[in-house]
Each structure stands twice: as C-alpha cells, then as structure tokens.
Amino acid sequence: MLNADQLAQHYRHVRAQTQALVAPLSAEDCAAQSMPEASPAKWHLAHTSWFFETFVLERWEPGFQPFDTAFRVLFNSYYNAVGDKHPRPQRGLLTRPGLDEVLAYRADVDARMQRLLATADVQVLELVELGLHHEQQHQELLLTDIQHLLSCHPLLPVYDEAAARAPRAGAVQWLAFAEVLAEIGHAGEGFAFDNESPRHRVFLPAYELASRLVNNGEYAAFIDAGGYREPALWLSEGWDWLQALGREHPLYWRRGAQGWNEFTLRGVHALDGHAAVTHLSYYEAEAYARWARARLPTEAEWEHAAGHPGLLQRDDTCWQWTASAYLPYPGFRASAGAVGEYNGKFMLNQMVLRGGSVATPRSHVRASYRNFFPASACWQFSGLRLAR
C-alpha cells in the first residue's frame with residue numbers, strides 16, 4: 001500500500017485526470033444521459049466525490065458537515081446500506097446542481113481530503129486507495145458513456161482528435177499451454193478488489209490461446225459470411241437480442257460509400273481492418289468464436305496465460321470477454337460495511353472480461369482484475385481473443 005505522502009500525491013493526480021477527461025465537453029454534454037445504462041459526465045464527477053465524502057470524510061473528518069445534504073441521495077449509485085438513491089435511468093434529469101456547483105463540490109471534498117490525509121491512519125489510507133481505484137473505473141466509464149452519447153448526435157461530433165488509439169498487432173499465432181494445476185487470483189502487496197481473492201488452484205486441461213485479439217477485418221468477414229443471419233451460431237438469448245434490436249454489425253460501425261466506417265472518440269473514420277474489433281456484446285463475441293471454430297477462453301485460462309511474452313494486446317486495447325460467469329472464488333468474503341456492496345452483490349447474470357482497454361488508466365491494470373458486465377453490454381471497450 002502507498003504511504004500517506006504517496007497516496008496524497010496519487011489522489012491529486014487521479015482527481016485531476018477525471019476533470020481533464022471532461023474538459024473537451026460543454027456543460028450541456030455533461031448533463032445528458034443517452035441510455036439507462038450510461039450516466040451523465042456531471043453525475044460521474046459528483047459520484048466519485050460522493051464516495052470520498054460518504055465513506056471517508058463522514059466517518060473520520062473532525063466536525064464533519066456535508067457539502068449539501070441532498071447529494072447523499074442524488075449521487076448514491078447502488079449502496080443500499082447508505083440509504084435512498086435517485087433512480088439510475090433518471091440521472092439525466094438532474095439538471096440541478098449545475099456543472100459549476102458539482103465542480104465546487106469536488107474542490108471542497110479535495111481540500112478536506114488533503115487535510116485528512118495529512119494525519120490519516122492505515123484504515124483511512126486503505127479506504128482512500130479503494131476510492132481512487134473506484135474513480136479510475138469511472139474514468140473509463142466516463143469515456144465509454146461520452147462515446148455513446150456523442151454517437152446518438154446526428155452530427156457525430158468529435159470528443160477529442162488526440163484520443164488514444166489502441167495498438168495494432170500482426171499475424172495471429174496460437175500459443176500452446178500444457179495441462180496444469182494453476183493458481184489464479186490476487187497475490188502480493190499491491191491493491192486488488194475483494195472479488196480477486198482468495199488466490200486458489202484451478203485445473204486447466206491443455207489449451208491454446210490466440211496471440212492477439214480478433215481484428216476488424218476478420219470480424220467483417222464474419223458479417224459478410226452471414227454471421228448475423230445464421231441462428232445456429234447464436235445462443236438463444238443472443239439471437240433474441242439480435243432480432244429485438246435489428247442488429248447487423250457492431251455498435252459503432254456505419255456503412256459508407258467506400259465500405260465500413262467506425263465512430264470513435266476521434267469522430268468517424270474508415271474502419272481499420274488491422275485494429276482490434278471493439279464494442280462487442282458477449283453474444284457477438286461468442287457467435288464469432290463459434291463461427292471461427294474456436295471458443296472464448298475461461299478467465300482461468302486467460303490469467304494463467306497473461307504472463308506469456310507472446311500474448312499481445314493483453315491490457316492496452318480492449319477488455320476481452322471470457323466464457324466464465326462472474327461468480328465468487330472459493331472462500332470469497334466481501335469487504336465489511338457498505339463498501340462490501342461494491343462487487344459481491346453483482347455475482348449473478350454477468351460475464352467476466354479480462355485485460356484492460358485503451359481507456360483503462362495504466363496504474364489500474366493487473367492480471368488478476370475481474371471486470372464484469374451483462375451479456376448484452378456493448379458500449380464498453382470490449383472485444384475477444386480466441387481459444388481452442
């Protein structure tokens with residue numbers, strides 16, 4: 001764990017980075033909500049401050065007084081132990097407080113947190129570190145939610161022409177792994193969420209993993225071969241999802257006069273056939289794997305292979321769907337208190353993704369990280385790596 005001085009410095013960096021992400025946006029951009037699963041940028045800014053005010057300052061700040069008593073409800077996400085919540089699908093209706101007041105809230109919380117960190121004990125420091133990793137999760141969510149919001153605009157506006165590009169990779173190779181009794185889960189002194197523990201053994205039969213992610217050109221071949229029209233390739237629930245939405249291609253692909261285009265944070269560009277395909281649902285990833293006469297890896301296979309030098313695009317391109325349901329590890333115990341609601345209560349109807357994306361802060365990446373989303377989620381930076 002970082003010491004008090006290191007954590008105070010890291011706190012300033014993470015909080016500044018969050019505000020830098022919204023700098024290209026207007027106040028109107030920050031208030032809009034494009035779908036129930038996404039949140040306005042203004043809400044992300046407030047909620048990440050709410051976390052520190054509610055879980056740290058309220059408990060340990062001498063003479064604590066909330067910035068605004070209404071914020072306890074308005075910016076609670078899903079912590080039932082804390083109290084009432086504003087409905088998630090209606091976050092875009094929170095026209096008040098305005099963006100300026102939310103930024104003032106952040107500044108107030110930051111000043112109070114810096115004072116507290118100067119005298120904090122280990123228990124406080126551990127919770128602050130959790131809060132910073134929570135905020136880094138919201139930094140990635142900010143970008144995914146912004147991209148979805150701008151994709152709904154008829155002008156398809158650019159968020160940032162300098163937005164990071166994911167690395168490309170060359171020819172695919174198959175990496176072979178012998179049968180093994182492997183250990184997976186968090187180990188060591190660094191930070192990890194509770195759902196990454198305890199470390200445990202898993203038997204893995206021999207398997208192979210693709211050295212890189214499936215790219216746009218390969219996925220376009222799946223479309224051209226009628227992949228979105230062949231029910232035999234799809235899970236029943238996935239086929240129903242496909243039919244209900246009328247989906248014929250990945251979320252941000254657009255057909256143009258010269259072929260496929262893709263909407264990105266940099267605006268609309270011709271589809272790069274050598275770049276990894278992203279913004280896929282689990283249904284799409286699983287259907288493609290079946291079409292390619294392969295499968296998705298289990299999360300244990302992925303983590304076991306993560307240290308292999310030939311594994312490209314491991315955590316800097318897009319999250320990779322696995323065949324594993326999001327379930328507790330043997331012996332899992334959720335963290336004590338309200339923060340115990342952070343991961344454990346979502347262990348139903350979710351699939352695990354591994355790796356990291358172009359939008360994931362580098363200090364937030366580790367091989368044991370267990371991301372999770374419902375199978376229909378496709379606005380995230382999510383793609384696939386094949387196994388067999």
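The figures here come from the full heavy-atom set of this structure, side chains too, leaving out hydrogens, waters and symmetry mates. The structure presented is a predicted model; accordingly, all values stated were derived computationally and were not measured.
For the pair Arg388 and Trp174, the distance from NZ or CZ to the six-membered ring centre is under 6.0 Å and the angle to the ring normal is within 45 degrees.
Salt bridge Arg290/Glu230: absent, no basic N to carboxylate O contact under 4.0 Å. One finds a salt bridge joining Glu135 and Arg106 here, because a Lys/Arg side-chain nitrogen approaches an Asp/Glu carboxylate oxygen to under 4.0 Å. Salt bridge status for Asp108 with Arg112: present, with a side-chain N to carboxylate O gap under 4.0 Å. Under the 4.0 Å criterion applied to side-chain N and carboxylate O atoms, Arg370 and Glu196 are not assigned as salt-bridge partners. A salt bridge links Glu218 and Arg212; the closest N-O separation between the charged side-chain nitrogens and carboxylate oxygens is under 4.0 Å. Salt bridge Arg354/Glu299: present, at least one basic N to carboxylate O contact under 4.0 Å. No salt bridge links Glu53 with Arg72; every basic N to acidic carboxylate O contact stays at or beyond 4.0 Å. The pair Asp315-Arg362 counts as a salt bridge, with a side-chain nitrogen and a carboxylate oxygen less than 4.0 angstrom apart.
Checked against the 6.0 Å centroid threshold, Phe263 and Trp253 do not count as a close aromatic pair. Two rings, from Tyr282 and Trp241, have their centers 6.0 Å or more apart. Taking the six-membered ring for Trp and the full ring otherwise, Tyr252 and Trp379 have centroids separated by 6.0 Å or more. Residues His249 and Tyr228 keep their aromatic ring centres 6.0 Å or farther apart. Taking the centre of each ring, Phe75 and His86 stay at or above the 6.0 Å mark. Two rings, from Tyr11 and Phe52, have their centers less than 6.0 Å apart. Aromatic ring centres of Phe346 and Tyr326: separated by at least 6.0 Å. Checked against the 6.0 Å centroid criterion, the rings of Phe222 and Tyr219 qualify as a close aromatic pair.
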The test is side-chain hydrogen bond (donor to acceptor under 3.5 Å, both in side chains); show your working for His148 and His279 and say whether it passes. CA-CA 10 Å; His148 189 269; His279 303 291; over 6 Å; no

Output, in order, the C-alpha distance, side-chain angles, deciding distance and verdict of side chain to side chain contact (heavy atoms under 4.5 Å, CB included) for Arg333 and Asp194. CA-CA 7 Å; Arg333 293 291 183 272; Asp194 58 5; over 6 Å; no

Would Glu129 and Leu7 satisfy side chain to side chain contact (heavy atoms under 4.5 Å, CB included), going step by step from the backbone distance to the final call? CA-CA 7 Å; Glu129 188 171 31; Leu7 196 61; 4.2 Å; yes

Test log, rule side-chain hydrogen bond (donor to acceptor under 3.5 Å, both in side chains), inputs Arg15 and Ser49: CA-CA 9 Å; Arg15 298 284 284 173; Ser49 298; 2.7 Å; yes

One pair to check against side-chain hydrogen bond (donor to acceptor under 3.5 Å, both in side chains): His186 and Tyr369. What are the steps and the verdict? CA-CA 8 Å; His186 175 67; Tyr369 198 120; over 6 Å; no

Mind running side chain to side chain contact (heavy atoms under 4.5 Å, CB included) on Ser211 and His308 for me, showing each step along the way? CA-CA 9 Å; Ser211 60; His308 193 286; over 6 Å; no

Give the intermediate values and the outcome of side chain to side chain contact (heavy atoms under 4.5 Å, CB included) for residues Gln380 and Cys318. CA-CA 9 Å; Gln380 296 298 317; Cys318 63; over 6 Å; no

Let me see the working for Tyr207 and His304 under side-chain hydrogen bond (donor to acceptor under 3.5 Å, both in side chains), right down to the final yes or no. CA-CA 11 Å; Tyr207 69 99; His304 172 248; 2.8 Å; yes

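Ring geometry, Trp50 versus His47: the interplanar angle falls under 30°, so the pair is classed parallel (tilted spans 30 to 60°). In this pair, Phe51 and Phe55 present their aromatic rings perpendicular. The plane angle is above 60°, beyond the 30 to 60° band.
Without hydrogens or angle criteria, Thr322 side chain to Val352 main chain gives a donor-acceptor distance under 3.5 Å. For Asp121 (side chain) and Val124 (main-chain N/O), a donor-acceptor pair under 3.5 Å exists by modelled atom type.
Proximity of Trp321 to Glu284: side-chain heavy atoms (C-beta onward) are nowhere separated by under 4.5 Å. Counting only heavy atoms from C-beta outward, the side chains of Ile146 and Asp29 never approach each other to under 4.5 Å.
Connection of Tyr288 to Trp302 is not established within any shared hydrophobic cluster, with ILVMFWY side chains joined at heavy-atom distances below 4.5 Å, either directly or through further cluster members.
Sequence neighbours left out, the pairs with a member in residues 252-281 that pass salt bridge (Lys or Arg N to Asp or Glu O under 4.0 Å) are Arg168-Asp272.
For the residue pair Gln320 / Arg385, a side-chain donor-acceptor distance below 3.5 Å is found, with atom types taken as modelled. Between the side chains of Ser363 and Gln136, at least one donor N or O lies within less than 3.5 Å of an accepting N or O.
With values rounded to the nearest 0.5 angstrom, Asn3 atom CG is found 3.5 Å from Gln6 atom CD. Taken from CD in Glu61 to CG in Leu116, the straight-line distance is 7.0 Å, to the nearest 0.5 Å.
Annotation for Gln243: atom CD counts as buried by contact number, over 12 foreign heavy atoms lying within 6.0 Å. Around the CD atom of Glu237, the shell of radius 6.0 Å holds no more than 12 heavy atoms that belong to other residues, nucleotides or ligands.
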